[in-house]
J.: 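This structure is in structure tokens; I'll ask about it shortly.
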There are 2 protein chains.
Amino acid sequence: MPQRDLDRTDRQILAHLQNNARLSNKELAARLGVAPSTALERTRRLEREGVLAGYHAEVDLAARGTPLQALVSVSLRRHQRPLVEAFQAHALALPEVVQVFHTTGQSDFLVHVAVRNPEHLRQLALEAFTDRDEVARIETALLFDHRRAVASGED
Amino acid sequence: MPQRDLDRTDRQILAHLQNNARLSNKELAARLGVAPSTALERTRRLEREGVLAGYHAEVDLAARGTPLQALVSVSLRRHQRPLVEAFQAHALALPEVVQVFHTTGQSDFLVHVAVRNPEHLRQLALEAFTDRDEVARIETALLFDHRRAVASGED
DNA sequence: GATGAAACAATAATAGC
DNA sequence: GCTATTATTGTTTCATC
């Protein structure tokens, strides 16, 4: 991976686009105090390098019909690479899954899910996790709230 | 909250913009098979209603200089609303913090952080979490991998 | 609700400084 | 890196269906 140090302008571009990915290049340039051609070239470079890895809309999960969120900790029975990879792919393909963390520690995965109601959660826990051969045990915690940090660009 | 049922077109708009928030309206319309004016009106409506809650660039944390990620479980000493809210606000304001989950169960918060190296993690754990009065104990798990699910629009 | 056309605005590529 | 120019592409409005 080609690593280089990002300067202040780069970091500001990242921060602005983290907070609003639909900023126009013109507006972005104005906020940075640089010419639009400069902002565009910087942004394209960050995309090329993979530093800007994607742009995603944030959807209100409740409005979408899945108001109940949970974190499911999953411990696998054995640690063999095909099992670990298969589990992760399986989890990511479920429509209820929002994100998947592969962790060290007591459990192997932490799966963030959004469901319609408690019965949907129960069914998901049993069918998508407990029933799988590679899963030793799961532990489910409900989510009261989930917030992303706001980027400042001044670290 | 004004709740209504989203139709297929709405759900497709959400899915497309979740996967690529910078899709032009023209391209979005072409993928849905509707006129650009239609796609625009639908998207604006979803924004007005809060279903589309924001647009965020995804930044490669390693490329940004913070290649080490962790999940910090935080248990608070007592559960009083001002304490809980103060802790959450504190966590969200830290530059190392990516996202914060407020959960039920053994711990109260799960904090996703990205740091430069193990020493930075140790320092963050001590100074930003352990040292705080309202914190009873923390447990830190390293992250091997973190993936967001891809939206399909066909649930 | 959805449409197509027209007016307006932004982007991308290029050249010169 | 900036400015300026230009061709291309995208956005937004609105009368109409």
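Quick note on labels: first sequence line is chain A, next is B, and so on, each numbered from 1. No hydrogens, no waters, no symmetry mates; every other heavy atom, side chains included, goes into these values.
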J.: Specify the separation, in whole Å, of atom CG of N25(A) and atom C1' of dG10(D).
T.: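 About 14 Å, once rounded to whole Å.
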J.: I need the CG-C1' distance between L23(A) and dA9(C), as an integer number of Å.
T.: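 It works out to 16 Å between those atoms.
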J.: Calculate the interatomic distance between E41(B) atom CD and dA2(C) atom P; express it in whole Å.
T.: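 That distance rounds to 7 Å.
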J.: Counting only side-chain heavy atoms from C-beta out, which of dT3(D), dG4(C), dT12(D) sits nearest to A35(B)?
T.: dG4(C)
J.: Just to be sure I understand the rule, does T38(B) reach a base, reach only the sugar-phosphate, or reach nothing, if contact means heavy atoms closer than 4.0 Å?
T.: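 Counting heavy atoms under 4.0 Å across all strands, the contact made by T38(B) includes a base.
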J.: Under 4.0 Å from OP1 or OP2 of dT12(D): is there any side-chain N or O of R44(B) that close?
T.: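 Result: yes.
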J.: Roughly how many Å is it from CG in N20(B) to C1' in dG10(D), rounded to a whole number?
T.: 15 Å
J.: Taking CG from L32(B) and P from dG1(C), how many angstroms apart are they, rounded to a whole number?
T.: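 Rounding to the nearest Å, CG of L32(B) and P of dG1(C) are 16 Å apart.
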J.: Step through it carefully: locate the ring centre of Y55(A), locate the ring centre of Y55(B), and say whether they are under 6.0 Å apart.
T.: no
J.: Are E127(B) and R132(B) close enough, and set up right, to give a salt bridge (Lys or Arg N to Asp or Glu O under 4.0 Å), and what steps lead you there?
T.: CA-CA 8 Å; E127(B) 292 177 11; R132(B) 286 183 69 91; over 6 Å; no
J.: Does S37(B) put a side-chain nitrogen or oxygen below 4.0 Å from OP1 or OP2 of dA2(C)?
T.: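 No, because none of the side-chain N or O atoms of S37(B) sits under 4.0 Å from OP1 or OP2 of dA2(C).
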J.: Starting at CD1 of I13(A) and ending at P of dG1(D), how long is that distance when rounded to a whole Å?
T.: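 I13(A) atom CD1 is separated from dG1(D) atom P by 9 Å.
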J.: With rounding to the nearest 0.5 Å, note down the distance linking OG in S73(A) to CZ in R137(A).
T.: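 Taking OG in S73(A) and CZ in R137(A), the distance rounds to 9.0 Å.
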J.: I'd like to know whether the aromatic ring centres of H112(B) and F101(B) sit less than 6.0 Å apart in this structure.
T.: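 Ring centroids of H112(B) and F101(B) are no less than 6.0 Å from each other.
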J.: Round to a whole Å and report the spacing from CG of L28(A) to P of dT11(C).
T.: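 Rounded to the whole Å, the gap is 9 Å.
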J.: Within a reach of under 6.0 Å around CG of D7(A), are more than 12 heavy atoms found that belong to other residues, nucleotides or ligands?
T.: yes
J.: Give a yes/no answer on whether the side chain of R42(A) brings an N or O atom under 4.0 Å of OP1 or OP2 in dG1(D).
T.: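 True: R42(A) side-chain N/O within range (under 4.0 Å) of dG1(D) OP1/OP2.
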J.: Looking at the side chain of L40(B), which of dT13(D), dG10(D), dT11(C) is the nearest nucleotide?
T.: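 When the side chain of L40(B) is considered, dT13(D) is the closest of dT13(D), dG10(D), dT11(C).
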J.: Check the distance between dT11(C)'s P and K26(A)'s NZ and give it to me in whole angstrom.
T.: 8 Å
